[in-house]
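The residues of the chain are indexed from 1 along the displayed sequence. As the structure lists them, so they are numbered: ligands from 1, and atoms in each ligand from 1. Just so it is clear, the structure is predicted and the values come from calculations on it, not from any experiment.
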Amino acid sequence: GAPSITVFPSHKVSKVNRNLYAGFTEHMGRCVYGGIFDPSNSNADLIDSNGFRRDVIEVLRPLKIPVFRYPGGNFCATYHWQDGIGPIEKRPSRPELAWGAIETNHFGTDEFIKWCKAVDAEPYICLNFGTGTLDEAMAWVEYCNGKLDTYYANLRRNNGHEEPYNVKYWALGNEMWGPWQIEQMTQEAYAQRAAQWAKALKLLDPSINLVLCGKEGATTWDHYVLTHTLQPAGLSDLGETQHPLIDMHSIHLYTASADHYENVTAPLAAERNIEACSSLIDLAIIENKIPPGQKRPGICFDEWNVWSPTRAPGSKGAEEVYTLSDALAVAVWLNVFIRQSKHVEMACIAQSVNVISPLMTTPTGIIKQTTWWPYELFCRFMKGHAIAVQVACDFYEGPTRPEWLRAVKQTPYLDVSATISDDGWVSVAVVNMHLDQDMETTFAGHTDCSSIQVFTVTGRDAKVSNMGPNEEVKIQESKWQDKNGKFLFPRMSLVLLRWLL
Ligand code: AHR
């Protein structure tokens with residue numbers, strides 16, 4: 001039959017955490033140097049007194065991105081944060097082993113915190129679980145958050161930052177399971193270390209949120225490290241504080257395929273991983289007899305995006321040129337986070353500038369890639385609560401990546417999520433991933449068609465990008481065009497429909 005979408009604005013499913021729109025700025029390629037920090041750029045108008053790119057701040061700030069993860073990624077594994085504070089001329093240059101660069105340390109903790117203030121976001125710092133020590137990690141937390149008359153808090157003050165930074169989010173290492181990782185660890189060694197570090201860090205500052213290093217969400221690693229670090233608060237020697245050791249469990253996943261349908265359906269594998277990971281969290285709670293009053297850890301999807309290092313030039317395969325197909329894949333990724341907002345507390349697009357990013361800098365300006373537009377639309381409009389939505393349409397039944405996806409999940413041509421904001425705006429994001437079929441769709445659940453706003457992201461064909469001479473893909477705004485009570489979702493498009501209840 002004809003496709004149909006029915007929205008149920010009064011049926012709230014879960015709160016959408018603003019942190020779903022978090023970013024990530026790693027010392028990798030041109031993300032930090034040349035991306036957010038570019039003091040040697042000869043175009044003086046582009047650079048502010050801190051050496052930050054004004055144009056980057058100007059486009060990121062209005063998106064109200066809540067959090068930025070920093071300084072990596074794989075970069076963390078050899079990063080000594082004390083190299084990056086104090087007078088710039090005294091900071092050492094070091095070999096950078098994750099990405100094969102020289103790290104000048106001209107941008108460090110104080111600059112990052114200043115940049116976060118400039119874009120009005122909170123910092124999320126990933127600790128060095130490679131060559132770093134617990135002493136260094138505790139010193140970093142004390143430097144950032146210390147309020148007392150202690151050495152590292154005073155070092156921050158001496159560096160000109162009287163007030164504590166109150167960095168709330170800290171990650172216990174990055175991809176520690178990966179063979180590319182400096183000091184790769186077994187699950188047993190990692191879980192043991194993570195629990196010990198978490199105990200010390202929370203004794204130092206019980207207000208912080210700690211993120212455990214997971215894998216893809218539904219692996220043996222995820223199960224093991226969850227089971228061996230989730231402990232009833234009392235048992236971890238945190239006594240009366242009642243703070244659990246772990247606040248979030250992280251997942252990383254990148255998707256991509258040269259085939260359009262494989263490309264746009266691949267994020268649905270992340271959806272399955274989120275569901276499975278959530279069950280693993282429950283299992284760990286049951287196995288460890290966590291009492292009902294203790295906060296249940298959520299999922300921090302702290303690296304996600306479309307990325308295939310083999311197809312991307314520059315910065316070790318990280319300067320992706322995104323197509324319309326990729327923009328639709330990003331829209332499906334974001335639909336997944338809205339649908340799974342009950343389980344996902346934070347998600348960081350990897351990354352925010354130049355490296356695997358919707359936003360590129362040139363020496364003279366910025367380029368918004370195709371994937372910028374779904375990210376912008378979701379940041380602006382998909383907020384408040386996820387609401388129930390029912391979709392009926394044909395399914396894509398060809399090959400998927402990964403192959404198991406088709407075995408465990410349906411992949412409809414229309415991929416949909418819906419939200420209601422606190423001030424009563426209903427927003428429905430609809431991806432028509434079909435390469436050549438517009439979908440005339442019965443659309444129910446709204447009141448007055450004439451007041452529905454329509455934002456469309458589409459283009460000539462699946463392979464167009466914005467990195468050539470023209471901006472091929474952007475947002476077109478229009479009003480609801482009624483087709484005998486139906487709405488026409490164009491082939492290869494993201495349409496966001498919006499109305500005030
Ligand atoms: O985001 C790029 C890299 O991908 C990160 O450094 C690493 O954590 C992941 O493998």
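- Each of the atoms 1 (O) of ligand 1 lies under 4.0 Å from some heavy atom of Phe24.
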Verify ring pair (Phe, Tyr, Trp, His ring centres under 6.0 Å) between Trp81 and Phe112, making sure each step is shown before the conclusion. CA-CA 12 Å; Trp81 69 272; Phe112 175 61; over 10 Å; no

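- Of the listed residues (Tyr169, Trp115, Tyr124), just one forms a ring pair (Phe, Tyr, Trp, His ring centres under 6.0 Å) with Phe68, and that residue is Trp115.
- Distances below 4.0 Å separate heavy atoms of Ile356 from the following atoms of ligand 1: 1 (O), 2 (C).
- Among all non-hydrogen protein atoms, the one lying nearest atom 6 (O) of ligand 1 is Glu26 OE1, 2.7 Å.
- Among the atoms of Tyr254, some N or O lies under 3.5 angstrom from an N or O of ligand 1.
- Atom 8 (O) of ligand 1 has Glu303 OE2, 2.7 Å as its closest protein atom, hydrogens excluded (heavy atom only).
- With ligand atoms numbered from 1 in the order given, ligand 1 contributes 2 (C) to contacts under 4.0 Å with heavy atoms of Met28.
- Under 4.0 Å from ligand 1, heavy atoms of Asn74 appear from its side chain as well as its backbone.
- At a threshold of 4.0 Å, the pair Arg156-Asp110 does not count as salt-bridged, since none of the basic side-chain nitrogens sits closer than that to a carboxylate oxygen.
- Salt bridge Glu183/Arg193: absent, no basic N to carboxylate O contact under 4.0 Å.
- For the pair Glu175 and ligand 1, the shortest N or O to N or O distance falls below 3.5 Å.
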*Apply ring pair (Phe, Tyr, Trp, His ring centres under 6.0 Å) to the pair Phe381 and Phe455, showing each step before the final yes or no.*
CA-CA 11 Å; Phe381 300 134; Phe455 300 83; 5.0 Å; yes

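- By the 3.5 Å distance cut-off applied to N or O atoms, Gln351 is counted among the residues near ligand 1.
- Between Arg53 and Glu58, no side-chain nitrogen of the basic residue sits less than 4.0 Å from a carboxylate oxygen of the acidic one, so the salt-bridge criterion is not met.
- Residue-level proximity to ligand 1 for Trp307 is carried by the side chain, the only part with a heavy atom below 4.0 angstrom.
- Taking the ring centre of Trp177 as origin, the terminal cationic atom of Lys215 falls inside the region bounded by 6.0 Å and 45° from the ring axis.
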